[in-house]
Trainee: 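Structure incoming, see below.
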Amino acid sequence: VPWYNKDVCDATSCIRKGEPYLKETTTHLGEGIDLVSIIEPKFKTNTITVMLLVPVTPQRNAAYALAQAMLTQSCRKHPDNAAMSALLDDLYGASLSSSVSINGAVTQIMITGSIIANRYALDGEYLLGRMTDLLLSCLFDPNVRDNAFEPSEFKIQQKELLDAIEAEINNKRGYALTRAREAAFRGEPDAYPIYGTKEDAEALTPESVYEAYKEILRRAVTRIYAVLPEEVPTLADTLKTAFSALHDRAPETLCFESHSPVKPACEHVTEPMAVNQSKLVLAFKGENLDREGFRLFSAVLGGTPFSMLFMNVRPKLSLCY
């Protein structure tokens, strides 16, 4: 059988006998760069996620959001979305995606590539190697010309970003949560939208977004997660060599928890709209409350089907909720 791998099959046999196999190791690749490998023979795909962590800079949210989007739509080897899509189709329908989020005072930019396990390749191709090469090409060799992202691709992604910002109001639940966040954290970094404002996005240029991209690579603490069905001894060296080419890296100290002062008085924000269903968000702050205690508080009050709000509104009053 072409895809037969004795180690994998032996490990699978152990699983059938009830013996756990999952193995997790962390390899240090350089200053502020770690590779976390999670090996489990039951997995059918190879997945690699590069997580770039930088301190939140609210005025750069839009630039960072657009920079991460540019990286997975094209690269120098595959200079447009059509070429990138054709390549992914050729790689057994592999996927390549990116996202940006904010956790406390840290902006998290993730680039993920996923492809079927090597043992399923029809002609014995080293599929993990091809996906790794593509991921590194997107990250370190983007579609850039004259110190700027390629203008036509930039315009497409800028429009996508503006559409996402403008469409937020169409998701009334998400919009209500965003407005509550703005009120609760007014004057603090957490009050800024993850994608930035419309004005910030419109002011971006191919040059400024390319500068933001280089800034991310320079500032970021990097965590790489490889979730694989079998160990690949050469993966760490490949990643280490690629990241060692960045000579001006200066990873910055991260702070996932930042103090947010309690407001002196309760604030009420009401925004009338022509909607059939109202949205209510209650945001609370407290001093010296542990994270798990706050989660339990949220669940009991209104975040679950057994919460006080749900039990009173739905079962007792038979109202839509």
Side-chain angles (χ1 to χ4, degrees), residues 24-38 47-72 75-76 96-113 131-144 147-149 185 188-190 192-196 200 204 207-228 232 234-260 291:
E24 178 178 333
T25 58
T26 300
T27 306
H28 184 63
L29 303 182
E31 183 183 2
I33 307 174
D34 289 309
L35 167 65
V36 178
S37 300
I38 300 173
T47 301
I48 299 179
T49 295
V50 178
M51 181 180 290
L52 304 169
L53 307 170
V54 297
V56 169
T57 307
Q59 295 77 11
R60 304 291 279 163
N61 283 4
Y64 285 1
L66 188 48
Q68 61 83 23
M70 294 292 299
L71 295 181
T72 53
C75 63
R76 194 184 302 274
L96 185 66
S97 62
S98 63
S99 64
V100 60
S101 61
I102 292 179
N103 184 355
V106 176
T107 297
Q108 301 177 153
I109 296 168
M110 294 197 298
I111 301 173
T112 299
M131 175 52 70
T132 303
D133 289 343
L134 176 59
L135 200 63
L136 294 175
S137 292
C138 291
L139 191 58
F140 298 119
D141 192 20
N143 193 6
V144 173
N147 291 320
F149 280 109
F185 300 107
E188 304 171 39
D190 278 347
Y192 284 77
I194 293 175
Y195 295 140
D200 290 340
L204 296 174
E207 291 79 10
S208 65
V209 174
Y210 179 60
E211 286 300 318
Y213 152 77
K214 293 194 297 182
E215 187 177 295
I216 292 169
L217 293 184
R218 183 173 64 253
R219 300 177 67 197
V221 172
T222 304
R223 297 286 183 270
I224 306 170
Y225 295 89
V227 182
L228 313 170
V232 182
T234 59
L235 180 61
D237 290 336
T238 299
L239 295 171
K240 185 174 183 178
T241 300
F243 277 89
S244 65
L246 299 175
H247 300 298
D248 61 344
R249 288 187 71 251
E252 299 184 20
T253 302
L254 302 176
C255 178
F256 285 94
E257 295 186 2
S258 57
H259 179 71
S260 180
R291 182 184 298 273

Trainee: Within the 4.5 Å heavy-atom criterion, are L136 and V50 side-chain neighbours or not?
Mentor: no

Trainee: To the nearest 0.5 Å, what is the distance between CG on L71 and OG on S137?
Mentor: 12.0 Å

Trainee: Measure the spacing between CD1 of I224 and CD1 of I33 and express it to the nearest 0.5 Å.
Mentor: 6.5 Å

Trainee: Quick one: do T107 and L53 satisfy side chain to side chain contact (heavy atoms under 4.5 Å, CB included)? Show the steps, please.
Mentor: CA-CA 6 Å; T107 297; L53 307 170; over 6 Å; no

Trainee: Test your reading of the model: is there a side-chain donor-acceptor pair from Y213 to the backbone of L66, 3.5 Å cut-off?
Mentor: no

Trainee: List the steps and the verdict of side chain to side chain contact (heavy atoms under 4.5 Å, CB included) for L35 and S37.
Mentor: CA-CA 6 Å; L35 167 65; S37 300; 3.8 Å; yes

Trainee: Can you tell me how far CG of D34 sits from NE2 of H28, rounded to the nearest 0.5 angstrom?
Mentor: 6.0 Å

Trainee: Just how far is it from atom CD of Q108 to atom CG of L52, taken to the nearest 0.5 Å?
Mentor: 10.5 Å

Trainee: Counting C-beta onward and ignoring hydrogens, is there a side-chain heavy-atom pair between L204 and D200 closer than 4.5 Å?
Mentor: no

Trainee: What residues form a side chain to side chain contact (heavy atoms under 4.5 Å, CB included) with A148, not counting sequence neighbours?
Mentor: P206, E207

Trainee: Hey, does I48 have a side-chain heavy atom less than 4.5 Å from the side chain of T112?
Mentor: no

Trainee: Would you say that D141 contacts R76 through its side chain, given a criterion of any heavy-atom pair below 4.5 Å between the two side chains?
Mentor: yes

Trainee: Test side chain to side chain contact (heavy atoms under 4.5 Å, CB included) on Q59 and Y192; report intermediate values, then the result.
Mentor: CA-CA 8 Å; Q59 295 77 11; Y192 284 77; 3.9 Å; yes

Trainee: Could you tell me if the side chain of M51 sits less than 4.5 Å from the side chain of I109, heavy atoms only?
Mentor: no

Trainee: Rounded to the nearest 0.5 Å, how far does OG of S97 lie from CE of M110?
Mentor: 8.0 Å

Trainee: Is the shortest heavy-atom distance from the side chain of L235 to the side chain of L228 under 4.5 Å?
Mentor: yes

Trainee: With no hydrogens and no angle check, is any side-chain donor or acceptor of R219 less than 3.5 Å from a backbone partner on R249?
Mentor: no

Trainee: Between F140 and F243 (judged by ring centroids, cut-off 6.0 Å), do the two rings come close enough to count as a pair?
Mentor: yes

Trainee: Could you go through the side chain to side chain contact (heavy atoms under 4.5 Å, CB included) check for N61 and I194 one step at a time?
Mentor: CA-CA 6 Å; N61 283 4; I194 293 175; 5.6 Å; no

Trainee: Rounded to the nearest 0.5 Å, how far does SG of C75 lie from CG of L139?
Mentor: 11.0 Å

Trainee: Tell me whether T72 contacts the main-chain N or O of L96 through its side chain, where contact means a donor paired with an acceptor under 3.5 Å.
Mentor: no

Trainee: Do P58 and P189 have side-chain heavy atoms sitting under 4.5 Å apart?
Mentor: yes

Trainee: Do E252 and V54 come close enough that some side-chain heavy atom pair is under 4.5 Å?
Mentor: no

